[in-house]
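Remember, predicted model here, so these are calculated numbers, not experimental data. As a basis for the values below, the full set of heavy atoms in this structure was taken, side chains included, without hydrogen atoms, waters or symmetry mates. Proteins get letters first, then strands, A, B, ... in listed order; numbering begins at 1 in each.
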Amino acid sequence: MRINPILEKDLKTKLRGWRSTILICCYVILLIGILFLYFASNNIFNPYNTHNFNPRMAMDAYNLIITFQFALLFLAVPAITATSVSSERERQTLDLMLVTKTPVRKIIVGKIMVSLAHTMLLLIASMPVIGVVFFFGGIGFLDIIKLLLFYVLTSFFVASCGVFFSTVFKRNIVAIITTYIFLGLITFGPFILFLVLGLVRERYSYTGFSPVYRDFVSALFPSSVFGFTSFYISGSSYSMYYGYYSPGIFSEVAQEIEQQRMASTGLWKLLHPWLANGLFNVVASISLIFLSARILNPIHRKK
Amino acid sequence: MMVHVDNLTKRFRGTLAVDRLTMQIPTGEIYGFVGANGAGKTTTMRIIAGLLKPTSGKVYVNGVDVSKEPLEVKRNIGYMPDFFGVYDDLKVSEYMNFYAGLQGISKSKTAELADSLLQLVRLTEKREAYVDSLSRGMKQRLCLARSLIHDPKFLILDEPASGLDPRARVEMKEILKELRSMGKTVLISSHILPELSELCTAIGIIDSGRLVASGSVSEVVEKMSQSGRVKIKVADREEEAVKVMMEMPGIGSISSVAGVIEVNVSGGNEEYVRILRTLVEKDIPVISFQPIEGSLESVFMHLTERGNGNEN
């Protein structure tokens, strides 16, 4: 059995030569640099500072790295996928693909797999850096596996959006901009709505946010930031133990969501934010693949 | 019958690109598709290839309805558009391998197939060269090899010789002859009309989306020629011969240079007989009397006099 020919070709051409190797090296060096600067700013390399180590620091370093990766995923994946079909069109190779007996759906999946392969490559390359936090404890192996799964599902969704807009718009630049706008709205839109509604509730209710989780969680499903809250706090077993430590509003909200989930009952309690968002991502991605295939299929096209 | 196009119509936002076109291409035929720019050739070819949905009408390839079973049709079709469609960052062998994969050909068979096709298009020595290093003619031949990778029964070649220098054209023509000997059915459009008339077993002339003539080259030329032309060589009395013919009905323009008279005649063989008989009766010393056969080019020029339509 052959692997998807589109995946095979793109990996062959993109990984040929030194360019991609240098890019991966730069990415890993950047992650190491961020980690180093963080620890340095917290005086951890000072040999005389033996009595003042806070394990929470490792958690925050971990949060910093995964946030950086999360943001990078949203910036890099659309850049790869939002031009995937439109560039074939510009290069006049799209018709040549469509005239083969490969179904349109498989062509779309091939394009998405290309970006997933790149994401996986970057994630695997960054594992040794993330692994540094294991020295300090607090992060379990299962947390990392869950995080990887979440990243893959998020990449799948982001890539599907990119390919979808690439099939809709003929010009690369229009496809890229639309993809970023759409992802911005779907990622931050529900979350901002949640914050606003939560704050309104808090203002007019004696019970604060509650019961926010059950009320608003389904509206938050599409937001990958919501899914990301699972990792911002759930990996942090120390954060509960050592008490409250706030690096910002996001941490507060993440903590609030987690507390609300814990306070829920039945299926709601099992539905971790990352899982809820992951499920949404899978369903939405499959729908987008079918839609893209339909738009691209010459038999359905008007022009 | 390899291709059957039945009452095909295609509209683009109100513009009629193909108008109730009906045509048939028997198996093994090399069918030349002739028409001015914007006549509807490319649109028709794209619909046959399953790349465009017709507004109405049906297209069958090897008996299979293109709009109902496109994947089945694609097994039988090799399509070469009027542009290269190449990936410059791939090597020639990788390019072939990529399309073999898209056509569902196993890896074990691909290398052998690619080699034989590269040999057919005379690119064997360029196997490991990058596509962007190939000349225009080579790229065109590579595209032809690509369209043959799944051994299709029917080939659609849209302007395969456009933009090629004379040598590259000759090479392309030789390859097409080989395809003909391999028994492929080919639908080919080209502006290089003498080449088409030499290569094709049949032609169809399309004008404003309508098929105005179809059949063998000689049939179409005969059918479409509005007037014949005859070349008469006389030993003497050239002026008198011209004068005699000018008085005859059905004679168009006459030109004469150094004993050779060319006459436009409306009508067929009977008219030629009448002219020759009259000249002999008038005792004109006729050395030779040679009707000039109409050419595909002249028919095409006549049909497309209006011809600067929009591209489609």
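One finds the CG atom of A:N297 at 10.0 Å from the NZ atom of B:K53 (value rounded to the nearest 0.5 Å). We find the CD1-NZ distance between B:I77 and A:K101 to be 13.0 Å, quoted to the nearest 0.5 Å. With rounding to the nearest 0.5 Å, the separation of CZ in A:R16 from CD in B:E94 is 4.0 Å.
Atom CZ of A:R105 has 12 or fewer neighbouring heavy atoms from other residues, nucleotides or ligands inside a 6.0 Å radius. For NZ of B:K139, the number of neighbouring non-hydrogen atoms (other residues, nucleotides, ligands) closer than 6.0 Å is greater than 12. Applying the 6.0 Å contact sphere to CD of B:Q119 captures no more than 12 heavy atoms from other residues, nucleotides or ligands. In this structure, B:E128 places its CD atom where more than 12 heavy-atom neighbours from other residues, nucleotides or ligands lie under 6.0 Å away.
Smallest separation of non-hydrogen atoms from A:P298 and B:G50: CB-O, 3.2 Å. Of all heavy-atom pairs spanning A:T102 and B:G101, the tightest one is OG1-O, 4.4 Å. Across A:M97 and B:L102, no two heavy atoms sit closer than the pair CG-CD1, 3.7 Å. Across B:L51 and A:V99, no two heavy atoms sit closer than the pair CD2-N, 4.2 Å. For the pair A:T100 and B:K74, the tightest heavy-atom approach, listed with the atom from each and the gap, is O-CD, 3.1 Å. Contact detail for A:K12 and B:N97: the closest heavy-atom pair is NZ-ND2, 4.2 Å.
At distances below 3.5 Å, not a single donor-acceptor pair connects side-chain atoms of B:R146 with backbone N or O atoms of A:L96.
Between B:R46 and A:D95 there is a salt bridge, with a side-chain nitrogen of the basic residue lying less than 4.0 Å from a carboxylate oxygen of the acidic one.
At a 4.5 Å heavy-atom cutoff, B:V73 makes no contact with chain A through either its backbone or its side chain. Contacts between B:I105 and chain A at a heavy-atom distance below 4.5 Å involve the backbone alone (N, CA, C, O). In this structure, the portion of B:T110 lying under 4.5 Å from any heavy atom of chain A is its side chain and not its backbone.
For the set B:F84, B:Y95, B:F98, B:Y79, the count of heavy-atom pairs under 4.5 angstrom toward chain A peaks at B:F98. Contact count against chain A (heavy-atom pairs under 4.5 Å) is highest for B:Y87 among B:Y99, B:Y87, B:F83.
Inspection of non-hydrogen atoms places no residue of residues 68-86 of chain A under 4.5 Å from chain B.
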